2 protein chains.
Amino acid sequence: METTERKIIEAAIFIFNADPSASLETVADKAGVNRRTLHRYFNDRMQLLEHCKKDMMQTCQAAMSQAFSSSKEPLKQLEMTLYAGIDCGAKYAFLDQLYSRTSYQQLPPEERETTFDTIKSQWFKLVMELQKQQVISNEISTAWIFLLFGSMISNTIRAVHSGDVAPNDVKKFAWFSFSKSIGIKSHE
Amino acid sequence: METTERKIIEAAIFIFNADPSASLETVADKAGVNRRTLHRYFNDRMQLLEHCKKDMMQTCQAAMSQAFSSSKEPLKQLEMTLYAGIDCGAKYAFLDQLYSRTSYQQLPPEERETTFDTIKSQWFKLVMELQKQQVISNEISTAWIFLLFGSMISNTIRAVHSGDVAPNDVKKFAWFSFSKSIGIKSHE
DNA sequence: GACTAATGTCCCAAGAATGTGACATATCTA
DNA sequence: TAGATATGTCACATTCTTGGGACATTAGTC
């Protein structure tokens, strides 16, 4: 079964993803819980945010790790990582926003650094390796590729959300576009 | 010279772009104007938003139109359109957010429809033409391409903002990635 | 200088969101 | 069932935001 804490976090991620400045009342409602109860679990809005962050880190990290280990082939790993990101979906997008929104950018630097680090370092190694092997283009920087990766995930979420792109096509499109956007010539 | 109204709108776009729920005080400060003055120009938060929207439409539309007319070659037009989007920069991103954020999605449908229409229809014709000519891949849908276009612009803005990608590289990267992501084989 | 429009300053009232205390209920467990 | 634990309910103070009234002050204009 689901604990109340989890229900709240889940709701918070969902709600804040749509609107980062939504009221805690809204979150509590979504969680099917009284606002007072929410406050019992999380003293503070910030505390709730922190827990969301932790939750997302775990979820994404797990999905990413699995993606990495699903194949020995670097290119396949990259593809699987993208799919993992897409599957984390809303959660990822929220995290993304959290860190691009100025209001949260005044967080202590070490906070910002460590969040992605475990996922990110694996990912970077992978990409740099592929660049060395000339599988990925050297015309663009690794940082740019990283941003592309994130934006492709956001884009995929938006695509599904907008209803303009068929959900079944979306992963295929995403990999098609991402792989080419980083200069991969073709794939089976 | 710049009118007070313009200064406020400019500031509003800048501020709301970073945080859509920022206070009007913040906007007024950014504009170097008293909050009371802001209220004299715009009765309402919504009214301010409307004016921002109008401003952005004009700016973007002008830039896009110019991009379209800068060349006869469809592919070059597309490239120029992307650059125009990037140059609109923050403004575009704001518009983008405005329409993807749920809170604004409850706007009357005709509002949403007409906003982009003039730009969008030209753009769509162009892309569909290029797809027909097999310059752009048919494996992906036009809607997806449109989303990619927007997300590439947002991404470019973020890249510059993050400081991880050199501003001088960014447009080049953007076109490199975008053109390939939609299946364009190569370009001079 | 006198008159007018624009802006700044100060104040206020309504509303929303936040965080918390006190107490009633409900739910679980020994 | 009794006792503990978790939730709901209500009430409250606090703060922030918003919009606007009243009036002083500054810039322009004739």
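Chain letters run A, B, ... following the sequence lines, proteins first and then strands; every chain starts at 1. Scope of the values below: all heavy atoms of this structure, side chains included, with no hydrogens, waters or symmetry mates. Keep in mind it's a predicted model, so treat the numbers as computed, not measured.
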Report task. Mark yes when over 12 heavy atoms from residues, nucleotides or ligands other than B/Glu5 sit less than 6.0 Å from its CD; otherwise mark no. Result -> yes

Requested in this report: Examine D/dA6: is either OP1 or OP2 under 4.0 Å from a nitrogen or oxygen in the side chain of A/Tyr41? Give yes or no.
Outcome: no

Report task. Take the C1' atoms of the five end pairs on each side of the helix from C/dG1-D/dC30 to C/dA30-D/dT1, get both axes, and report the angle to 10 degrees. Result -> 20°

Query - side-chain N/O A/Asn34 vs D/dT9 OP1/OP2, d < 4.0 Å - result: yes

Query raised in the report: Does the side chain to side chain contact (heavy atoms under 4.5 Å, CB included) test come out yes or no for A/Leu78 and A/Trp123, once each step is laid out?
Result: CA-CA 8 Å; A/Leu78 190 61; A/Trp123 192 93; 3.9 Å; yes

Query raised in the report: Atom NZ of A/Lys180 and atom CD1 of B/Ile182: how far apart are they, to the nearest 0.5 Å?
Result: 12.0 Å

Report task. Give the ring-plane orientation class for B/Phe149 versus B/Phe178, where under 30° counts as parallel, over 60° as perpendicular and anything between as tilted. Result -> perpendicular

Query raised in the report: Under the 3.5 angstrom rule, does the side chain of B/Ser177 hit a backbone N or O of B/Ala174 as a donor-acceptor pair?
Result: no

N/O to N/O distances under 3.5 Å, protein versus nucleotides 25-29 of chain D:
none

Query raised in the report: Rounded to the Å, how far apart are B/Leu38 CG and D/dT18 C1'?
Result: 11 Å

Report task. Fit a plane to each ring of B/Phe124 and B/Phe146, take the angle between them on a 0 to 90° scale, and name the class: parallel (under 30°), tilted (30 to 60°) or perpendicular (over 60°). Result -> tilted

Enumerate all atom pairs, one protein N or O and one N or O from nucleotides 27-30 of chain C, separated by less than 3.5 Å.
none

Requested in this report: May I ask you to decide if B/Ile136's main-chain N or O and B/Gln131's side chain share a donor-acceptor pair within less than 3.5 Å?
Outcome: no

Query - B/Ile8 CD1 - C/dA6 P separation (whole Å) - result: 13 Å

Query raised in the report: Going by distance alone, is a donor N or O of one side chain under 3.5 Å from an acceptor N or O of the other, for B/Ser154 and B/Ser151?
Result: no

Query raised in the report: What ring pair (Phe, Tyr, Trp, His ring centres under 6.0 Å) pairs are there with at least one residue in residues 22-42 of chain A, not counting sequence neighbours?
Result: A/Phe42-A/His51

Report task. Check whether any side-chain N or O of A/Thr4 sits under 4.0 Å from OP1 or OP2 of D/dT7, and answer yes or no. Result -> yes

Requested in this report: On DNA chain D, check which nucleotide each of B/Arg36 and A/Gly32 is closest to and give me the residue with the more 5' one.
Outcome: A/Gly32

Report task. Kindly state each residue pair satisfying salt bridge (Lys or Arg N to Asp or Glu O under 4.0 Å) with at least one member in residues 25-37 of chain A, sequence neighbours excluded. Result -> A/Glu25-A/Arg35

Query raised in the report: With a 4.0 Å cut-off, would you call A/Lys7 and A/Glu10 a salt bridge?
Result: no

Requested in this report: Test B/Ile15 against B/Asp19 for side chain to side chain contact (heavy atoms under 4.5 Å, CB included), laying out the working first.
Outcome: CA-CA 6 Å; B/Ile15 294 292; B/Asp19 177 6; 5.8 Å; no

I'd like a table of atom pairs between the protein and nucleotides 15-19 of chain C - only N or O on both sides, under 3.5 Å - with the distance next to each one.
unit_1, atom_1, unit_2, atom_2, d
C/dT18, OP1, A/Arg45, NH1, 2.4
C/dT18, OP2, A/Leu24, N, 2.8
C/dG19, N7, A/Arg35, NH1, 3.0
C/dG19, O6, A/Arg35, NH2, 3.2

Query raised in the report: Would you call A/Lys171 and A/Asp87 a salt bridge, taking side-chain N to carboxylate O under 4.0 Å as the test?
Result: yes

Report task. Examine the base of C/dG8 for any acceptor or donor lying under 3.5 Å from a partner atom in the side chain of B/Arg40, and report the outcome as yes or no. Result -> yes

